[in-house]
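In what follows, a structure is listed as structure tokens, so that the remarks can point back to it.
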Protein chains: 2
Amino acid sequence: MVGIKDIAKKAGVSISTVSYALNGSPKVTEETRARIQAIADELNYVPNMAARTLKSRQTKIIGVYLADYGGSFYGELLDGIKKGLAHYNYEMIVCSGVKSHLFIPERMIDGALILDWTFKTKEIEQFADRGHSIVVLDRQLTHENIRQVILDNKGGATLAVEQFASAGTKKMYLISGPEKGYDSNQRLETSRRELDRFAIPYEIIEGDFTEPSGYKAIQTILEESPQKPIDIFALNDEMAIGVYKYIKETPYEIGTDIRIIGFDNSELGAFIQPRLATISYSKHRWGIVAAETIIKLIQGQATEHEHIYTSFISGGSFTK
Amino acid sequence: MVGIKDIAKKAGVSISTVSYALNGSPKVTEETRARIQAIADELNYVPNMAARTLKSRQTKIIGVYLADYGGSFYGELLDGIKKGLAHYNYEMIVCSGVKSHLFIPERMIDGALILDWTFKTKEIEQFADRGHSIVVLDRQLTHENIRQVILDNKGGATLAVEQFASAGTKKMYLISGPEKGYDSNQRLETSRRELDRFAIPYEIIEGDFTEPSGYKAIQTILEESPQKPIDIFALNDEMAIGVYKYIKETPYEIGTDIRIIGFDNSELGAFIQPRLATISYSKHRWGIVAAETIIKLIQGQATEHEHIYTSFISGGSFTK
DNA sequence: TTGTAGGCGTTATCAA
DNA sequence: TTGATAACGCCTACAA
């Protein structure tokens, strides 16, 4: 491996001169700087990350923790994060799995962005206690070294319920999400509260944000209540897709017999017929805001918790 | 930050003893080992990655390079890679973007898995020349330090053409992929060769593997040839989805007026009505094989180039 | 303007 | 069975 030592030898100078030259210090002549740079290029010199990190105590890399890479969901988000970080000259790596949590205390990364329900809150707090900067996208957490950039699930759920209310819904079915999930709980609680407010009776059918759980949920619903129209708020789009799938096998029609609204504005929902009405938000913006927040946190600038707001997207699956 | 020095002080031993103890060397008594371990735990000691890497010259991390994170395509693949690497006690990080290429010469990762057409072959070869181990999933490359684990596009394209041939196709439309892409070129060339072999006339409509390009392609096709059935081989599923989208706005029917086969067996293709006939392969297996190959390459074991084989999945979009 | 030397946290080689 | 010490590659006061 070629190091500054090799360059120094070839250039006939000391290693410190090389170091100064390469780091653009004003302590060397422009002439020698150019000469040394040329030699470095010629030798294909690349600084050793480990050695540099050992001194400078920072890697300029942010770790993004995801539970899994599935679904087209993450594409836009990661894109936003990447763009946001690039602005500050930071790189990003995407990690998943419990072993990579070590990257944080090992100081392989300068900070972490977490959207991974398998990452225990306790562990996150421990890392924060040890001084590591973390931004969480999927829970509420108050700590000096932690910031949240979270979805306005409350606003989204409110929007959905309002739609149903103004459409004269007599009874609502809520297909819920994972019990421990932050997003799913927020959406569920808000929906209940809003429905109570409108005095609309409702029933909760258990789901877990997966397509099959939506498929099963609609079966349960149809078993008991053939009263049309059947109004459903699926707490995410994937489960709504599951509903579509089952309905395709029945004489029911989405949009007339079944009125349904999802959450997340997934690609699939936009494609299926009729289009799935849903609650939307900018995943891209979410990423950018998260990136800015972690950088500011690292750099010691003042930062607040952030929210990403939602909007209603109409579609053929829900007609008044 | 707490290092082995702190532990040594607290335990009243030398740092080397601590190092031995923590690394499970047989050179220390089980007793002192336990005592030191206890102190390390108490102090929340985590080894410094940079320092360790500096000595040991390896990180036990493999970098996976992707052009983007979009599409549900990568989920299964990354899952396979992760599983494959875990078996050898390696971690994985997912990278994208030209700046992260530096991770390779910086020795932040022990090896790279590349499925990223934006990664220049020349650059890959340079890294390989410098002794870095690389496995490419999206091109053919012969080098001492490079192995390929590539899709059997030829087999897949052959399967598709055979289907059309046995269905009595009179004329084929091929919707092509990106000009520079390895997969798209392989698929296109093989299709042409096979079609020639069956003496089936064909026409190439340019596409770029994106949904909109499929949407545009079918418009072009319909403009010139209203002769039914219209037989189309879309070189990937996304473009086939584009075809579906446009057809939905016309009186034509997929499966009867338009017969179409895709490539990749995407999730979306399995969901849409009628189901998209396509060429399938195990993305999971692809990942596992790639993982095994890079590890063996790093460890200096003998490795061959590998192929991932394909199969035909029938669907309502193509009926004989 | 350039060189010398010490240190970053670990590992590993010798001695003790 | 342990301890002192020299690397690893780079950075940076401080000295020349």
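Just so you know, these numbers use all the heavy atoms, side chains as well, and skip hydrogens, waters and symmetry mates. Chain naming here is simple, since letters A, B, ... match the order of the sequence lines and numbering starts at 1 in each.
- Summary of helix geometry: the two end axes of the helix from C:dT1-D:dA16 to C:dA16-D:dT1, each defined by five base pairs via their C1' atoms, are inclined to each other by 50° (rounded to 10°).
- In this entry the distance linking CD1 of A:I4 with C1' of C:dG3 reads 13 Å, nearest Å.
- We find that CG of B:L43 is positioned 15 Å from C1' of C:dG9, with the value rounded to whole Å.
- In this structure, the side-chain contact (heavy atoms from CB on, under 4.5 Å) partners of A:D183, at least two apart in sequence or on a different chain, are A:L151, A:N153, A:R187.
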Report all side-chain donor-acceptor pairs from residues 33-42 of chain B shorter than 3.5 Å, counting only partners two or more places apart or in another chain.
| residue | atom | partner | partner atom | Å |
| --- | --- | --- | --- | --- |
| B:R33 | NE | B:E30 | OE1 | 3.2 |
| B:R33 | NH2 | B:E30 | OE2 | 3.4 |
| B:R35 | NH1 | B:A11 | O | 3.2 |
| B:Q37 | NE2 | B:D41 | OD1 | 3.0 |
| B:E42 | OE2 | B:K10 | NZ | 3.2 |

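- Close approach of DNA chain D to chain B, defined as any atom under 4.0 Å from a non-hydrogen atom of the protein, starts and stops at D:dT1 to D:dG9.
- Look at OH on B:Y45: it is 8 Å from C1' on C:dG9, rounded to the nearest Å.
- Every side-chain contact (heavy atoms from CB on, under 4.5 Å) that A:K27 has, sequence neighbours left out, goes to A:Y20, A:S25.
- Taking every heavy atom of both residues into account, B:D116 and B:D138 meet most closely at N-OD2, 2.9 Å.
- Legend: residues meeting side chain to side chain donor-acceptor pair (under 3.5 Å) with B:H143, ordered by chain and number and at least two apart, are B:D129.
- The side chain to side chain donor-acceptor pair (under 3.5 Å) test applied to B:K83 returns B:H284, not counting sequence neighbours.
- A close approach under 4.0 Å does not occur between any side-chain nitrogen or oxygen of B:S56 and OP1 or OP2 of C:dT11.
- Residue A:R57 places none of its side-chain N or O atoms closer than 4.0 Å to OP1 or OP2 of C:dC8.
- Contact annotation: A:T17 does not reach the phosphate of C:dT2 (side-chain N/O to OP1 or OP2, under 4.0 Å).
- Pairing each heavy atom of B:A291 with each of B:I81, the nearest pair is CB-O, 3.6 Å.
- Partners of A:K99 according to the side-chain contact (heavy atoms from CB on, under 4.5 Å) rule, which considers only residues two or more places apart in sequence or in another chain, are B:N89, B:E91.
- Atom CE in B:M1 sits roughly 11 Å away from atom C1' in C:dT10 (whole-Å rounding).
- With B:Y74 as the fixed residue, the side-chain contact (heavy atoms from CB on, under 4.5 Å) test singles out one of B:V64, B:D79, B:D68: B:D68.
- The minimum heavy-atom distance between A:A51 and B:L54, with the atom names listed, is CB-CD1, 3.6 Å.
- Counted within 6.0 Å of CD on A:Q301, heavy atoms from surrounding residues, nucleotides or ligands total more than 12; the atom is thus considered enclosed.
- Judged by closest nucleotide on DNA chain D, B:V13 is the one of B:A51 and B:V13 placed further toward the 5' end.
- Within the 3.5 Å criterion, the main-chain N or O of A:V28 finds no donor-acceptor partner in the side chain of A:T32.
- A ring pair (Phe, Tyr, Trp, His ring centres under 6.0 Å) check over residues 116-141 of chain A, counting only residues at least two apart or in different chains, returns the pairs A:Y65-A:F119, A:H101-A:F119.
- Listed in residue order, the members of residues 28-40 of chain A having a heavy atom less than 4.0 Å from DNA chain C are A:V28, A:T29, A:T32.
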Could you go over nucleotides 12-16 of chain C and give all protein N or O partners under 3.5 Å, atom names and distances?
| residue | atom | partner | partner atom | Å |
| --- | --- | --- | --- | --- |
| C:dT13 | O4 | B:Y20 | OH | 2.9 |

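- Annotation: side chain to side chain donor-acceptor pair (under 3.5 Å) contacts of B:T59 (sequence neighbours excluded): B:D110.
- Rounded to whole angstrom, the span from the CG atom of B:L22 across to the P atom of C:dG9 amounts to 16 Å.
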